[in-house]
There are 2 protein chains.
Amino acid sequence: MNDLERKTFTQNTMTRTKNDLFLPDEMRLSELAKALAHPARIAILKMLAEKNSCICGEIVDELPLAQATVSQHLKELKNVGLIKGEIDGPKVCYCLNTDGIAELRGLWANLEQRVAAKICC
Amino acid sequence: MNDLERKTFTQNTMTRTKNDLFLPDEMRLSELAKALAHPARIAILKMLAEKNSCICGEIVDELPLAQATVSQHLKELKNVGLIKGEIDGPKVCYCLNTDGIAELRGLWANLEQRVAAKICC
DNA sequence: TATTTTCATCGTAAAATTACGATGAACGAT
DNA sequence: ATCGTTCATCGTAATTTTACGATGAAAATA
């Protein structure tokens, strides 16, 4: 059973038992959270929000990381759907992906509502 | 320069240059996001939200993971401040940590506002 | 006291993440 | 056509994460 098959199975049943794995929303939110699980990637999102869009070189210049490393972080953000990249001559213009941001907002809002104002034992 | 020194340095300056690292809020949000970066830990938070509190054994029973693995996930959630654990005889009662949840809500809300409604290049 | 239950920790293996230099491809400029 | 710039990718090393069986500590129970 590969990842796709497992995901599909989970989606079809919409239940979670001992032998099942996790729900689609849990999987997706964890993916998006993983994209935020490094300060450099958060810094990148903030830069793109401030400047609305940004060529790759500017991002590299502002981060304390090598160009190859920043490129790797950008790739992760793009793969998970939080940013987009558009080739502009020899440069690449990155910007926020509204759809991915909205998806993250929704999934987090859902979890946030569940965990709001709970009292401990 | 160890982690504490680096964090203190970053906090003192509150600026980010090529030779500096990341801002405290970026570091902290990435830590909290990392705690959400696994579907099992999200499932745990949801369980604790539903039942308000939960003994460790119930969590283990509902997750498709071994007891040792679940205990490790619980430890990570506790270390980052999202849950608390209280010893109750031979069992341990886990519950959400309101402070940690609130901190995550605040940090995410801040980032969310920045990235809201941006248009791509 | 001996036994059972509950859970954390240890040890360890496999996989993923992080980081960087080196290389190469694509493009504009000379 | 050649050169410099820009950026992705490759290869690789170090670290971290994930997972589980085995073990041990603590408490209730027999």
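Per chain, numbering begins at 1; letters A, B, ... match sequence-line order. Side chains are part of it too, since the values below use all heavy atoms of this structure and drop only hydrogens, waters and symmetry mates. Please read all numbers here as calculations on a predicted model, not as lab measurements.
Residue B/H38 contributes atom NE2, which lies 11 Å from atom P of C/dA16 at whole-angstrom precision. Atom CG of A/L36 is separated from atom P of C/dT17 by 14 Å (rounded to the nearest Å). When rounded to the nearest whole Å, the span between NZ of A/K75 and P of C/dA19 equals 16 Å. Taking atom CG of residue A/N79 and atom P of nucleotide C/dT18, one finds them 13 Å apart after rounding to whole Å. The CG-P distance, from A/L77 to C/dT17, rounds to 13 Å in whole Å. Spacing between atom CG of A/L74 and atom P of C/dT17 amounts to 16 Å, rounded to whole angstrom units. The CG-C1' distance, from A/L63 to C/dA19, rounds to 13 Å in whole Å.
Annotation: of the two residues near DNA chain C, A/Q67 and A/P90, the 5′-most nearest-nucleotide partner is A/Q67. When each of A/K91 and B/I87 is assigned the nucleotide of DNA chain D bearing its nearest heavy atom, the one mapping closer to the 5' terminus is A/K91. In this structure, A/Q72 and B/G89 both approach DNA chain D, and ranking their closest nucleotides by distance from the 5' end singles out A/Q72.
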Using distance only, find each side-chain donor-acceptor pair of residues 102-111 of chain A under 3.5 Å and give its atom names and separation, not counting sequence neighbours.
| residue | atom | partner | partner atom | Å |
| --- | --- | --- | --- | --- |
| A/E103 | OE1 | A/R28 | NE | 3.2 |
| A/E103 | OE1 | A/R28 | NH2 | 2.9 |
| A/E103 | OE2 | A/R28 | NE | 2.9 |
| A/R105 | NH1 | B/E112 | OE2 | 3.4 |
| A/W108 | NE1 | A/E112 | OE1 | 3.4 |
| A/N110 | OD1 | A/R114 | NE | 2.9 |

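B/E76 comes within contact range of the sugar-phosphate backbone alone, with a heavy-atom separation under 4.0 Å but no base atom that close. Residue contacts for A/K34: at a heavy-atom cut-off of 4.0 Å it reaches the sugar-phosphate backbone alone, with no base atom in range.
Remark: B/K51 pairs with B/E58 by the salt bridge (Lys or Arg N to Asp or Glu O under 4.0 Å) rule, at least two apart or across chains. Taking B/K78 as the reference, B/I83, B/Y94 meet the side chain to side chain contact (heavy atoms under 4.5 Å, CB included) condition, with sequence neighbours excluded. Remark: A/E76 pairs with A/R41 by the side-chain hydrogen bond (donor to acceptor under 3.5 Å, both in side chains) rule, at least two apart or across chains. In this view, A/T69 and A/L65, A/A66, A/H73 satisfy the side chain to side chain contact (heavy atoms under 4.5 Å, CB included) rule, not counting sequence neighbours.
You can see that DNA chain D meets the heavy atoms of chain B within a 4.0 Å-exclusive cut from D/dT17 to D/dA28, reading 5' to 3'.
OP1 and OP2 of C/dT17 both lie 4.0 Å or more from every side-chain N or O belonging to A/H73.
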Yes or no on side-chain contact (heavy atoms from CB on, under 4.5 Å) for B/L36 and B/L45, after CA distance, side-chain angles and deciding distance? CA-CA 9 Å; B/L36 301 185; B/L45 293 179; 3.4 Å; yes
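Side-chain contact check for A/I101 versus A/L82: some heavy-atom pair is nearer than 4.5 Å.
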